[in-house]
Amino acid sequence: MRKIVIAGNWKMHKTKEEALELVNQIKAGFKDNGEVKVIVAPPFTSLPYVREALKDTTIGIAAQNMFYEKEGAYTGEISPLMLKDVGVHYVIIGHSERRKYFCETDEGVNKKIKTALEYSLTPILCIGESLEERKSGKTFEKIETQLEGALRGLSSTDVKKIIIAYEPIWAIGTGETATPEQAEEVHSFIRKKIAQKYGNDVASYAIILYGGSVKPNNAFSLLREDNIDGVLVGGASLKGDSFLQIIEAGIRVSGGES
Ligand code: 13P
């Protein structure tokens with residue numbers, strides 16, 4: 001049985017004090033039933049403080065990006081070693097905002113995934129189509145290309161360790177969520193592709209999150225779909241009460257409510 005994952009991507013928000021306030025709210029409100037994995041992804045500058053605040057909890061910590069080299073003359077970059085050093089467990093890779101504003105390619109994403117795995121960081125690989133691609137019927141083509149590019153050269157054992165997040169670009173920060181049916185269609189496509197390439201066992205393990213305007217009022221209906229194993233939340237993860245409500249939706253689904 002796959003565990004439900006509720007992850008909050010804080011993007012470029014929160015000073016150290018604000019980050020601590022938020023994380024303390026989440027910590028106080030989250031009653032772990034063992035069925036839901038909660039992850040927060042603060043900006044780099046808050047990672048050590050958030051790590052300290054969460055040290056006696058099961059809440060996981062993700063970075064929002066990293067570089068694929070261990071060290072070197074790469075001004076402004078953060079390495080996997082540095083993330084390990086401050087106690088990070090997960091790393092978001094290939095978010096559409098990184099692809100758009102920082103010219104990240106499938107090739108670079110692939111290198112980052114390989115390095116993350118080498119350092120025992122769990123990659124959260126983001127893929128998703130643009131509005132134009134959806135309108136012109138190219139959604140599945142795009143998803144397949146990004147998936148293949150990101151996973152190139154990885155073994156089945158490697159792929160088992162990766163979390164995938166389907167984030168349609170048109171749904172990010174727009175308030176326009178994919179319907180549960182639209183999301184489920186792509187999620188089951190992703191699982192099918194993984195099964196074809198890496199076998200049914202790997203596919204059944206694969207945790208596939210949905211991201212794009214997830215809110216307290218739509219989380220439950222998304223999470224109860226068969227192939228939606230969790231959510232990657234942006235805006236609604238910036239407030240303790242809304243993020244806790246989304247976690248609660250995960251707990252209800254994990255308890256068999258439908
Ligand atoms: P929003 O929830 O703000 O749409 O952001 C989604 C996202 O990009 C999570 O990584």
Side-chain angles (χ1 to χ4, degrees), residues 4-14 18-19 22-23 26 37-44 46-47 50 59-66 83 88-102 104 109 112-113 116 121-131 133-134 139 142-143 146-147 150 162-180 182-183 186-187 190 207-223 225 228-250:
I4 290 181
V5 173
I6 309 289
N9 174 9
W10 299 1
K11 306 193 180 183
M12 199 174 72
H13 293 283
K14 306 288 177 192
E18 291 165 347
L22 175 56
V23 93
I26 298 167
K37 180 74 195 172
V38 174
I39 301 171
V40 290
F44 289 129
S46 296
L47 285 172
V50 168
I59 300 174
I61 303 173
Q64 297 174 19
N65 178 37
M66 57 154 230
L83 296 181
V88 165
H89 320 106
Y90 302 84
V91 57
I92 298 174
I93 291 179
H95 192 281
S96 61
E97 288 149 15
R98 302 274 337 152
R99 295 177 192 256
K100 178 178 175 191
Y101 298 112
F102 305 97
E104 292 204 3
V109 165
K112 289 183 179 190
I113 288 184
L121 290 161
T122 300
I124 303 176
L125 162 68
C126 298
I127 53 177
E129 81 287 3
S130 67
L131 186 59
E133 286 159 343
R134 175 156 284 265
T139 298
K142 179 65 178 284
I143 294 297
Q146 285 188 326
L147 203 58
I162 296 173
I163 295 176
I164 296 170
Y166 168 56
E167 298 209 313
I169 297 169
W170 50 272
I172 296 178
T174 57
E176 193 183 337
T177 330
T179 63
Q182 281 174 323
V186 179
H187 281 232
I190 294 170
I207 295 177
I208 310 173
L209 314 182
Y210 168 78
S213 297
V214 175
K215 307 286 175 209
N217 66 1
N218 59 26
F220 183 80
S221 58
L222 287 158
L223 286 166
E225 293 291 337
I228 302 185
D229 307 312
V231 285
L232 181 54
V233 188
S237 73
L238 297 174
K239 291 217 164 74
D241 58 351
S242 55
F243 192 57
L244 285 165
Q245 285 174 53
I246 295 171
I247 294 172
E248 187 53 37

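When a ligand or atom number is given, it counts from 1 through the structure's own listing order. Since the model is a prediction, treat every value here as computed from it, not as a measurement.
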Parallel, tilted or perpendicular: ring planes of Tyr166 versus His187, cut at 30 and 60 degrees: perpendicular

[X] heavy atoms, cut-off 4.0 Å: which ligand 1 atoms fall inside?
X: Ser213; answer: 1 (P), 2 (O), 4 (O)
X: Asn9; answer: 9 (C), 10 (O)
X: Gly212; answer: 4 (O), 6 (C)
X: Leu232; answer: 9 (C), 10 (O)
X: Ala171; answer: 4 (O)

Does the N or O separation between [X] and ligand 1 drop below 3.5 Å for any pair?
X: Gly235; answer: yes
X: Glu167; answer: yes
X: Thr174; answer: no
X: Gly234; answer: yes

CD-CD distance between Glu97 and Glu167, expressed to the nearest 0.5 angstrom: 8.0 Å

Spacing of CG belonging to Leu147 relative to CD1 belonging to Ile190, to within rounding of 0.5 Å: 6.5 Å

For ligand 1, is [X] a contact, meaning one of its heavy atoms is under 4.0 Å away?
X: Lys11; result: yes
X: Ser237; result: no
X: Gly173; result: yes

Side-chain donor-acceptor contact under 3.5 Å, Glu129 with Trp170: yes

Donor-acceptor side-chain pairing of Glu133 and Ser130 below 3.5 angstrom: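 Yes, a side-chain donor-acceptor pair sits under 3.5 Å.
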
Is it true that a side-chain atom of [X] and a backbone atom of [Y] form a donor plus acceptor pair closer than 3.5 Å?
X: Ser213; Y: Thr177; value: no
X: Arg98; Y: Val109; value: no
X: Tyr90; Y: Ile92; value: no
X: Gln64; Y: Ala41; value: yes

Residue portion contacting ligand 1 (non-hydrogen atoms closer than 4.0 Å) for Cys126: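 The answer is neither.
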
